[in-house]
Amino acid sequence: MPHDVRHVSVRRVTDAKGDGLSRWKTFGERTIYDNPWVWLGQIDVELPGGERFWHHVVRLQRAAVIVLLDDQQRVLLMWRHRFVQDRWGWELPGGLIDEGEEPSETAARELEEETGYRAGRVEHLATFQPMVGMVDSEHVVFVGRDPEKVGEPTDVDEVARMEWVPLASIPGLVAEGKIWSAGTLVGLLQLIAAGA
C-alpha cells in the first residue's frame, strides 16, 4: 500500500535539518585508488541510528561549464560522443579546474579552446553537485554574453560539430534525450528559469 503523504509533516522535517539528529558522523577514511583526476576510497561513517560501516566515496576534480548566449537568445552547443555511455548529445563547453585557477577562468579558457569564442561578460549562474550521496564533484556554471569569435577551436578532439541553438528549443531537446549531461542540463535550465 502506498504511503499516505497527507500525514507527512513538512514542518517536522524542515525543523530537524539543522539540529544534528540526522547528521552522519565520520571517523576517518582510507584510499583505494588515487590520481590527479579521481580519488576512490571509503569513509568510516555512523548513521544517526548507530549503524557504522565503510561507505564508498569518489572525489573528482572540480569542473566549470559555460553557457554562451548571443543577442538572439541562442546558446552555443557542441554535439559530442561520450564513450563511457556510448551516447551522443548536445553539451556546453567546460572542463576541469586547474590548481590555482578560478572557475570563471576555467570556463573562459575552455570556451575558447573548444569553440574559438570569447565572452565579453561572464557571470556565475549556479554551483551544484551531480551525485551527492557518494560522489564529490563540484560543478560551477557560468553564463557568457557578448560572444566574439577569436579563432578556431584548438581542442579538436572535443566536438563533432557546433551550432547556435535557440534557447526556446532547449526543453524539446531535453525531452528528446539530446541534452542529457548534468552540467549542460543545470546550466541551460537555470538560464531558462532565470528568464535568460
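Sequence positions, counted from 1, serve as the residue numbers for this chain.
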K25 side chain vs F27 backbone, donor-acceptor pair below 3.5 Å: no
Side chain proximity check, V67 to F142, heavy atoms < 4.5 angstrom: no
SB check E163 R74 (cutoff 4.0 Å): no
Residue among V65, V75, V165 satisfying side-chain contact (heavy atoms from CB on, under 4.5 Å) with L188: V75
Whether over 12 other heavy atoms sit under 6.0 Å from Q85 CD: yes
Electrostatic pair R59-E29, nearest N-O below 4.0 angstrom: yes
Parallel, tilted or perpendicular, as decided by the 30° and 60° cut-offs, for the rings of W79 and W88: parallel
Geometric cation-pi criterion, R80 with W90: 6.0 Å, 45°: no
Side chain proximity check, L40 to D34, heavy atoms < 4.5 angstrom: no
Contact summary for F83 and H81, nearest pair of heavy atoms: CA-CE1, 3.6 Å
Residues E148, R118: salt bridge by 4.0 Å N-O rule: no
Aromatic centroids of Y117 and W164 separated by under 6.0 Å: yes
Lys/Arg N to Asp/Glu carboxylate O, R109 vs D98, below 4.0 Å: yes
Heavy-atom closest pair, residues H56 and M134: O-CB, 3.5 Å
